[in-house]
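Have a look at the structure below, then the notes.
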Amino acid sequence: MTGNYTVCVKDFGAKGDGTSDDSAAFNEAIAALSTSGGMIYVPTGIYIVENIVLNVDTLSTLGHRIGFYGDGSANSVLSSSEATNSSFIVKVESHPSEAANSVISGVSFRDMQFAILNGLGTPFILKNTAYASFYSCIFRGGSNTFHSDGSLSSSFINCQFTDAHDHGLFADPGSFAYPNQLSFFQCVFGANGITGLYAINPGGIRVFGGSIEGNGIRNGDNSWGGGVVIDSTGGAGNNNCLSLYGVYFESNRGMADIMIVHADSAQNINFNVSDCSFGRGNTIDAVNNIYVNNVTSTTVTGLVTSCNFHEISNYSPSSQYRYIAKAGLGITNIIDTANTFGSILANPAPGDLLYSSYVTEQRIASDIHTGPTSQDGSIQIQFRRPYVTPPKIFAQIIDGGPHLFFHKVTALSSTCCTVQVFYTETTSFSPVPASNVTVDVQISGTVAG
């Protein structure tokens with residue numbers, strides 16, 4: 001056979017009736033295209049299959065690609081109801097010595113679902129493979145819904161990773177490569193037992209849009225897990241371990257929506273979180289939104305910019321549950337730029353963030369405090385962020401009376417101050433503390449570097 005062909009699994013005897021074992025039919029369809037390349041069509045149906053292997057070592061001629069496509073992720077379903085710990089539905093693999101062939105093969109899957117109905121096995125395994133692509137696929141159930149084992153430079157577009165006993169997508173180093181340049185576009189990671197996305201020593205996990213919510217449903221003590229966990233324990237393939245752009249986080253349980261553990265004593269790492277939204281709905285949600293634990297002498301640098309951190313469903317913020325937090329004795333620099341925090345109570349602890357020192361006289365929206373003064377005319381203000389130089393205090397007094405108000409700042413530090421408000425009696429012109437007066441206080445200053 002020469003050229004590219006399309007075959008249908010039903011031409012090889014597949015039933016798709018939800019009860020018959022269709023494994024042999026899928027293997028025959030793959031064998032029919034192993035030297036020519038082509039597409040395998042999976043019509044609407046539930047196909048009971050197990051341990052289907054697509055070995056890309058045999059696709060060693062340029063242009064010989066094998067792809068699968070179905071009638072939609074809800075219609076063309078590959079399933080296994082009796083999986084074991086070692087079983088899988090589909091595995092795409094290459095021997096490390098032949099891994100370059102996976103770049104040539106460029107396998108693809110589109111409009112299909114891979115589901116294991118118990119919490120064992122793995123619906124899909126990608127092993128020692130590069131440049132695989134997945135479009136509008138659902139990976140559901142099993143221990144981990146998808147295992148990237150030593151694979152790199154693969155793309156997932158409009159895919160879902162849900163209902164795993166442990167992790168939605170699990171990526172770890174293999175004999176070919178570290179998890180490097182795995183890209184997700186408008187994907188959903190949800191309702192997984194421990195984490196939505198868990199990567200060990202990644203050299204570039206990139207997530208663009210989509211949502212990561214409702215993960216960690218098996219996390220009892222909230223000491224680990226959550227939405228995304230990056231475990232950088234040594235030998236990462238690239239310093240930039242994680243980049244997130246425009247991702248929506250909500251109601252993940254565990255240590256954090258984003259948890260980064262760094263224990264690589266030889267290499268610094270960095271991460272980037274931009275234009276993301278974080279919502280917490282109740283006290284069993286993640287302890288923190290972003291949490292970095294650096295236990296080495298090397299450096300973790302994170303840029304968190306233009307993100308929104310907020311509460312939903314009448315959740316009461318607390319200093320026990322921070323928007324951003326860090327731990328460990330290593331150097332961790334988290335740069336906070338143009339983020340919005342919903343409550344001062346859950347703001348990052350003083351000293352946990354590194355701020356851009358070149359921004360001067362910046363008026364920060366979250367440092368606007370409105371409230372009534374006490375009996376001595378004062379209002380206590382805890383700054384959202386520490387300041388290098390004493391901030392300038394602008395107090396606008398809202399009263400509506402005939403008095404002339406003025407104020408002074410006392411007990412000024414890099415983290416808090418007291419603003420005391422007075423008014424003058426029209427007869428004596430003596431200053432009198434203005435108690436129970438609503439004060440709108442705006443703060444600006446040079447942010448810490």
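For the single chain, residues carry numbers from 1 onward in sequence order. What's counted below: heavy atoms across the whole structure, side chains too, no hydrogens, waters or symmetry copies.
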If we ignore hydrogens and angles and just use 3.5 Å, is the side chain of [X] paired with the main-chain N or O of [Y] as donor and acceptor?
X	Y	answer
Asn215	Asn252	no
Arg322	Asn289	no
Asp172	Ile200	no
His147	Lys127	no
Ser211	Glu213	no
Ser151	Leu126	yes
Asn294	Ile331	yes
Gln181	Ser153	no
Thr296	Thr298	yes
Ser79	Val77	no

Among Thr195, Asn192, Thr145, side-chain hydrogen bond (donor to acceptor under 3.5 Å, both in side chains) partner for His167: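 Going through Thr195, Asn192, Thr145 one by one, the side-chain hydrogen bond (donor to acceptor under 3.5 Å, both in side chains) with His167 is satisfied by Thr195 alone.
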field: Candidate list Asp22, Asp17, Asp21, test side-chain hydrogen bond (donor to acceptor under 3.5 Å, both in side chains), partner Thr19, passing option
entry: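 Answer after filtering Asp22, Asp17, Asp21: Asp17.
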Would you call the rings of [X] and [Y] parallel, tilted or perpendicular, where under 30° means parallel and over 60° means perpendicular?
X	Y	answer
Phe124	Phe109	perpendicular
Phe134	Phe139	perpendicular
Phe184	Phe189	perpendicular
Phe68	Phe26	parallel
Phe146	Phe161	perpendicular

- request: Give me the one residue out of Val247, Val228, Leu244 that meets side chain to side chain contact (heavy atoms under 4.5 Å, CB included) with Val273.
  value: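 Going through Val247, Val228, Leu244 one by one, the side chain to side chain contact (heavy atoms under 4.5 Å, CB included) with Val273 is satisfied by Leu244 alone.
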Could you tell me if [Y] and [X] have a donor-acceptor pair between their side chains, going purely by distance under 3.5 Å?
X	Y	value
Asn272	Tyr245	yes
Ser143	Asp166	yes
Asn158	Ser136	yes
Thr44	Asp71	yes
Asn219	Asn222	no

- request: Quick one: closest heavy-atom pair of Ser34 and Ala31, and the distance?
  value: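 Here Ser34 and Ala31 meet closest at OG-O, 3.0 Å.
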task: Look at Arg280 together with Asp257 and state whether they make a salt bridge at an N to O cut-off of under 4.0 Å.
output: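 Judged by the 4.0 Å cut-off on N to carboxylate O distance, Arg280 and Asp257 do not form a salt bridge.
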Arg140/Asp163 salt bridge by N-O under 4.0 Å criterion: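 Yes.
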- request: State which residue, out of Tyr248, Phe156, Phe185, fulfils the ring-ring contact (aromatic ring centres under 6.0 Å, His included) condition with Phe208.
  value: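 When ring-ring contact (aromatic ring centres under 6.0 Å, His included) is applied between Phe208 and each of Tyr248, Phe156, Phe185, only Phe185 qualifies.
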Distance, nearest 0.5 Å, that separates OH of Tyr131 from OG of Ser154: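 Result: 9.0 Å between the selected atoms.
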